[in-house]
Asker: 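Dumping the structure here so I can ask a few things about it.
Not measured: the values here are computed from a predicted model.
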Amino acid sequence: MHYVLDFADLRQYFALFVRGAALTIALTAVSTVIGVVIGALCAAAREEGSNGFRFFAGLYVELFRNTPFIVQLFFIFFGLPSVGIHIDETSAAIIAMSLNLGAYATEIIRAGMRAVPRGLSEAGLSLAMTRGQILRHVILPQAFAKVFPALASQIVIVMLGSAVVSQISVPDLSYAANFVQSRTFRAFESYLIVTALYLVLAIALRRVLMRAARRLFRGMVKGGAR
């Protein structure tokens, strides 16, 4: 079978692809901030909190790590309205992505916390620092520095997984591909473009995160993209 690539019909949809990429970046940026904050709080709860906090943080982590992301998304967007909670599609996508990332970030950050030498906490106590101050100024910065490459990889995974938000009509990159191929019947070309864009976004995001890590942690993060 001989197939001839033809991108001519897709030129008029260039702006749609750009808007889709921009929204994918925005969703990733917002959910990254929220998800990492959730992860840090839950990691602290599981390591330093009371039994009640540990239980609920553990329940949250197990729930979101052991169910499909698309089911979480559908539950938030289609399920919650049944009990009177109505959320627009973009907000539902951000909530689902944030909660999903937060669950994985919890265990990543928790592993970093356990890798911090106990002597640092003891040194903080000797300086009359409170447990909260030690956690905020000593343990968490060290933990983030140790696990940031793994955390960056998880952020990239969440960005790539965001492709399913088009199923609730969020106009991201995958939505653009579906729309264009339905109008032009050039499915191969449409999804080829979007595949290339996701690849570029993933590589760029990883590089940005690792460069930011080098600045934030001042050389404590080893390796990473050049």
Side-chain angles (χ1 to χ4, degrees), residues 18 20-48 57 61 64-65 69 93-94 96-127 129-163 165 172-173 194-226:
V18 172
L23 183 55
T24 295
I25 293 170
L27 290 173
T28 303
V30 175
S31 61
T32 294
V33 173
I34 299 173
V36 170
V37 170
I38 292 173
L41 292 174
C42 289
R46 297 200 73 180
E47 288 297 305
E48 304 288 341
V61 169
F64 279 86
R65 291 183 70 194
F69 173 67
I94 291 172
M97 291 171 65
S98 299
L99 291 174
N100 186 271
L101 174 59
Y104 285 93
T106 295
E107 293 303 285
I108 293 172
I109 298 169
R110 188 182 176 201
M113 292 174 67
R114 290 190 169 187
V116 176
R118 186 177 297 274
L120 293 177
S121 296
E122 294 172 351
L125 290 173
S126 69
L127 295 173
M129 296 175 69
T130 65
R131 295 298 300 179
Q133 290 173 329
I134 293 171
L135 182 65
R136 186 168 66 253
H137 298 296
V138 179
I139 297 177
L140 282 178
Q142 291 285 331
F144 272 102
K146 291 178 180 296
V147 301
F148 199 86
L151 188 58
S153 294
Q154 189 60 44
I155 292 170
V156 172
I157 290 171
V158 169
M159 187 271 289
L160 295 175
S162 71
V165 303
D172 69 330
L173 261 180
V194 170
T195 298
L197 288 172
Y198 272 118
L199 177 62
V200 170
L201 288 178
I203 293 173
L205 178 58
R206 189 181 300 276
R207 288 181 178 273
V208 167
L209 289 172
M210 296 313 298
R211 288 184 179 179
R214 294 191 191 100
R215 290 178 177 270
L216 288 172
F217 305 120
R218 297 180 182 178
M220 286 191 288
V221 177
K222 297 180 181 179
R226 295 183 178 179

Asker: Could I get the full list of side-chain contact (heavy atoms from CB on, under 4.5 Å) partners for A44, not counting sequence neighbours?
Answerer: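 For A44, the residues satisfying side-chain contact (heavy atoms from CB on, under 4.5 Å) (neighbours in sequence not counted) are L135.
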Asker: To the nearest 0.5 Å, tell me how far H137 NE2 sits from L127 CG.
Answerer: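 Nearest 0.5 Å value for the NE2-CG distance: 12.5 Å.
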Asker: Taking side-chain contact (heavy atoms from CB on, under 4.5 Å) as the definition, give me every residue that meets it alongside V208, ordered by chain and number, with sequence neighbours left out.
Answerer: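 side-chain contact (heavy atoms from CB on, under 4.5 Å) check on V208 returns nothing, list empty.
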Asker: Would you mind listing every salt bridge (charged side-chain N to carboxylate O under 4.0 Å, His left out) that reaches into residues 23-36, with sequence neighbours excluded?
Answerer: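 Those involving residues 23-36 do not exist here.
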Asker: May I ask you to test the M210-F148 pair for a side-chain heavy-atom distance under 4.5 Å?
Answerer: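 In contact.
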Asker: Partners of R46 by side-chain hydrogen bond (donor to acceptor under 3.5 Å, both in side chains), sequence neighbours excluded?
Answerer: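 Counting only residues at least two positions away or on another chain, R46 forms a side-chain hydrogen bond (donor to acceptor under 3.5 Å, both in side chains) with E107.
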Asker: Please identify each residue that fulfils side-chain hydrogen bond (donor to acceptor under 3.5 Å, both in side chains) with R136, with sequence neighbours left out.
Answerer: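 Testing R136 for side-chain hydrogen bond (donor to acceptor under 3.5 Å, both in side chains), a comparison that skips the adjacent residues, returns none.
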Asker: Indicate the atoms forming the closest heavy-atom contact of L27 with A93, along with that distance.
Answerer: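 Where L27 meets A93 most closely, the heavy atoms are CD2-CB, 4.4 Å.
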Asker: Check the pair L140 / I109 against side chain to side chain contact (heavy atoms under 4.5 Å, CB included), numbers first and verdict last.
Answerer: CA-CA 8 Å; L140 282 178; I109 298 169; 4.0 Å; yes
Asker: Minimum heavy-atom separation for I134 to M129, with atom names?
Answerer: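 Scanning both residues completely, I find the closest heavy atoms to be CG1-CB, 3.8 Å.
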Asker: Show me the pairs that pass side-chain hydrogen bond (donor to acceptor under 3.5 Å, both in side chains) and involve residues 96-106, at least two apart or across chains.
Answerer: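 Only Q72-N100 qualify under side-chain hydrogen bond (donor to acceptor under 3.5 Å, both in side chains).
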Asker: Pairs of donor and acceptor atoms involving the side chains of residues 151-163, under 3.5 Å and at least two apart or interchain, shall be tabulated with distances.
Answerer:
| unit_1 | atom_1 | unit_2 | atom_2 | d |
| --- | --- | --- | --- | --- |
| S153 | OG | P149 | O | 3.1 |
| S153 | OG | R206 | NH1 | 3.0 |
| S162 | OG | M159 | O | 2.5 |

Asker: Of all the heavy-atom pairs spanning C42 and A57, show the shortest one and how long it is.
Answerer: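 Smallest interatomic distance, heavy atoms only, reads O-CB, 4.0 Å.
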Asker: Are side-chain heavy atoms of I25 and L205 found at a separation under 4.5 Å?
Answerer: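 In short, these two side chains do not touch, never coming nearer than 4.5 Å.
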Asker: Of the non-hydrogen atoms in G35 and A105, which two are nearest, and what is the gap between them?
Answerer: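 That closest heavy-atom pairing would be O-CB, 4.2 Å.
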Asker: Going from CG on L101 to CD1 on I34, what distance comes out if it is rounded to the nearest 0.5 angstrom?
Answerer: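 Reported to 0.5 Å precision, the distance equals 10.0 Å.
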Asker: List for me each residue that meets ring pair (Phe, Tyr, Trp, His ring centres under 6.0 Å) alongside F64, sequence neighbours excluded, and say none if there are none.
Answerer: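 Ring pair (Phe, Tyr, Trp, His ring centres under 6.0 Å) check on F64 returns Y60.
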Asker: Please name all residues satisfying side-chain hydrogen bond (donor to acceptor under 3.5 Å, both in side chains) with E47, sequence neighbours left out, ordered by chain then number.
Answerer: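 E47: side-chain hydrogen bond (donor to acceptor under 3.5 Å, both in side chains) contacts with R110, R114.
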Asker: Between atom CG of L197 and atom CG of L199, what is the distance when rounded to the nearest 0.5 Å?
Answerer: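 L197 atom CG to L199 atom CG measures 9.5 Å (nearest 0.5 Å).
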Asker: Quick one: which residue pairs count as a side-chain hydrogen bond (donor to acceptor under 3.5 Å, both in side chains) with a foot in residues 28-41, not counting sequence neighbours?
Answerer: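 Matches after skipping sequence neighbours: none remain.
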Asker: Between V165, T195, V18, T24, which is the residue that forms a side chain to side chain contact (heavy atoms under 4.5 Å, CB included) with L173?
Answerer: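 Testing L173 for a side chain to side chain contact (heavy atoms under 4.5 Å, CB included) against V165, T195, V18, T24 leaves exactly one candidate, T24.
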